[in-house]
Every structure is written in C-alpha cells, then in structure tokens.
Amino acid sequence: MLAELFEIASSSDENRRVPMARAKSTGEQHSRRERSRPSRISGVYVISVAARLADMHPQTLRKYDKEGLVSPQRSEGSRRLYSDSDVERLRVIRRLADELRLNLNGVSLVLDLVRSLTDIVSLLESSPEVSDTRAARVAADELRQILSYVGAV
DNA sequence: CTTCTCACA
DNA sequence: TGTGAGTA
C-alpha cells in the first residue's frame with residue numbers, strides 16, 4: 001500500500017568477512033556521542049535490544065520490517081540496526097495497534113499521515129508572514145492535538 | 001523464511 | 001474456515 005513511501009538508504013551489501021567485535025546479543029553497539037548538549041542521545045541497537053525497549057518480540061520487528069513499517073539500518077552482516085527514532089516509532093506502532101485496534105495497513109496509513117501533518121505544522125510555523133495569522137495558529141494547534149492523540153508528540 | 005497458534009468473523 | 005497478527 002503506502003508502505004513503500006519509507007525508504008532508508010541501505011549501504012552496500014558486501015558480504016565480506018568483517019570480524020564482528022563481540023557480537024553480544026544484549027547491550028548497545030557503538031559509542032554514544034554527546035554532541036553539544038545531550039539533547040539527543042543517538043543509540044544503535046540490535047533487534048533483541050530494540051525489541052525489549054519497545055516491549056515487543058524480535059519476530060514482530062522482523063515482520064514490521066518486511067511490511068515496511070519500520071526500516072532499520074543494516075550492518076555489514078545485514079543485521080538490523082535500530083536507532084532511537086526507530087524504537088520511538090515502534091512504540092507509536094504499538095499504541096496504534098494495541099490501544100486503537102488498528103491493523104497494520106491502518107497503522108502505516110496513520111504513520112504516513114503523521115509525517116505529512118508534521119511537515120504541515122512546520123510550514124505553518126516557519127515564516128512569520130504565515131505563523132502570525134490567526135488561521136495558521138488555529139490550524140497548527142489543531143494538528144498538534146491530532147498528533148499528540150496519535151502519540152506522535 | 002516457513003510454519004504454527006490464536007483470535008475473529 | 002479463511003484471514004491477519006504474532007510467535008516458534
């Protein structure tokens with residue numbers, strides 16, 4: 001359906017023998033860079049860790065990947081690497097599916113809409129000529145309500 | 001990736 | 001009993 005809208009650049013699929021540094025199934029991979037204030041700590045997690053953070057089973061994450069709901073980066077060995085935003089996205093999916101009882105097609109549709117609405121809110125707030133109008137403020141406020149209801153804060 | 005279970009209509 | 005979601 002609309003799932004093909006999400007595309008994350010995948011690196012080259014070279015199946016070279018890269019010595020995997022202690023392939024621990026639990027624990028974070030890579031270091032955490034604290035770039036100019038810890039406003040955003042970027043973590044990278046293997047599927048088992050990401051599943052635990054999102055309170056899901058690893059098989060569910062594989063299925064979501066296959067369905068195009070979440071497209072994690074891949075390592076050299078084609079292992080899925082989930083970012084913090086991927087985990088956050090998984091939590092939104094869990095809310096949409098568990099609480100709102102949406103099926104996966106509904107979830108992907110809502111996620112598409114969330115992205116569009118987020119962009120529209122940004123546009124409404126971008127330039128003063130727009131954001132200073134009453135209509136823009138009302139519209140942006142309404143969209144933010146919808147986004148927070150969906151859980152996309 | 002395929003198979004199996006479970007819920008549901 | 002066919003389909004979708006999650007799991008083994």
Side-chain angles (χ1 to χ4, degrees), chain A residues 1-35 37-125 138-153:
Chain A
M1 202 181 176
L2 299 173
E4 330 300 284
L5 292 180
F6 301 105
E7 188 86 19
I8 294 185
S10 59
S11 51
S12 58
D13 294 341
E14 307 236 339
N15 282 350
R16 296 184 140 258
R17 273 235 167 260
V18 176
M20 293 297 285
R22 302 154 236 109
K24 286 195 151 192
S25 56
T26 61
E28 288 180 35
Q29 311 289 94
H30 292 17
S31 61
R32 49 185 67 199
R33 296 277 151 122
E34 292 178 16
R35 281 240 166 270
R37 300 298 152 232
S39 56
R40 192 195 306 176
I41 303 173
S42 61
V44 176
Y45 316 99
V46 294
I47 189 169
S48 58
V49 179
R52 190 169 49 78
L53 291 175
D55 195 26
M56 293 174 172
H57 288 84
Q59 292 97 290
T60 306
L61 300 203
R62 295 183 221 271
K63 184 165 202 170
Y64 288 173
D65 189 4
K66 196 181 73 161
E67 305 284 332
L69 279 168
V70 177
S71 303
Q73 191 65 262
R74 298 302 188 106
S75 72
E76 315 80 28
S78 77
R79 267 171 274 263
R80 278 166 261 247
L81 297 177
Y82 290 84
S83 66
D84 281 314
S85 59
D86 288 330
V87 174
E88 194 178 338
R89 186 180 176 87
L90 286 171
R91 293 206 181 97
V92 174
I93 291 173
R94 192 159 60 81
R95 165 160 161 70
L96 294 176
D98 291 353
E99 296 184 24
L100 301 183
R101 314 297 306 172
L102 299 183
N103 63 19
L104 293 186
N105 282 330
V107 168
S108 62
L109 174 60
V110 168
L111 289 177
D112 287 345
L113 293 176
V114 163
R115 244 176 60 86
S116 296
L117 295 185
T118 301
D119 290 346
I120 291 174
V121 169
S122 297
L123 278 174
L124 288 174
E125 293 173 335
V138 170
D141 202 68
E142 198 163 329
L143 294 183
R144 274 189 291 265
Q145 272 185 288
I146 295 175
L147 290 172
S148 81
Y149 171 73
V150 164
V153 211

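Every chain is numbered from 1, with letters handed out A, B, ... down the list of sequences.
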Rounded to the nearest 0.5 Å, how far apart are [atom1] of [X] and [atom2] of [Y]?
| X | Y | atom1 | atom2 | answer |
| --- | --- | --- | --- | --- |
| L124(A) | R144(A) | CG | CZ | 8.5 Å |
| L143(A) | D119(A) | CG | CG | 11.5 Å |
| R94(A) | D55(A) | CZ | CG | 4.5 Å |
| D86(A) | Q73(A) | CG | CD | 9.0 Å |

Provide, to the nearest angstrom, the distance between the [atom1] atom belonging to [X] and the [atom2] atom belonging to [N].
| X | N | atom1 | atom2 | result |
| --- | --- | --- | --- | --- |
| L69(A) | dG4(C) | CG | C1' | 13 Å |
| Q59(A) | dC1(B) | CD | P | 14 Å |
| D65(A) | dC1(B) | CG | P | 10 Å |
| K63(A) | dT5(B) | NZ | C1' | 12 Å |
| R62(A) | dC1(B) | CZ | C1' | 11 Å |

Under 4.0 Å: is that the gap between some side-chain N or O of [X] and OP1 or OP2 of [N]?
| X | N | value |
| --- | --- | --- |
| H57(A) | dT7(C) | yes |
| Y64(A) | dA5(C) | no |
| T60(A) | dA5(C) | no |

Worksheet item: Where do I47(A) and R62(A) land on the side-chain contact (heavy atoms from CB on, under 4.5 Å) test, with the steps shown first?
Response: CA-CA 8 Å; I47(A) 189 169; R62(A) 295 183 221 271; 3.5 Å; yes
Worksheet item: Contact class for K66(A) vs. all strands (heavy atom < 4.0 Å): base, sugar-phosphate, or nothing?
Response: nothing
Which atom names give the shortest non-hydrogen contact between [X] and [Y], and what distance separates them?
| X | Y | answer |
| --- | --- | --- |
| D84(A) | Y45(A) | OD1-OH, 2.6 Å |
| D65(A) | R74(A) | OD2-NH2, 3.1 Å |
| V121(A) | A140(A) | CG2-O, 4.4 Å |

Discussion item. Taking atom CD as the centre, does E125(A) end up with more than 12 heavy-atom neighbours from other residues, nucleotides or ligands that are less than 6.0 angstrom away?
Written reply: yes
Worksheet item: Given pairs defined as Watson-Crick or G-U wobble with both distances under 3.5 Å, what dot-bracket annotation applies to DNA chain C, with ( ) intrastrand, [ ] crossing, | other strand and . unpaired?
Response: ||||||.|
Discussion item. For DNA chain C, which residues of residues 91-104 of chain A approach it to below 4.0 angstrom with any heavy atom?
Written reply: N103(A), L104(A)
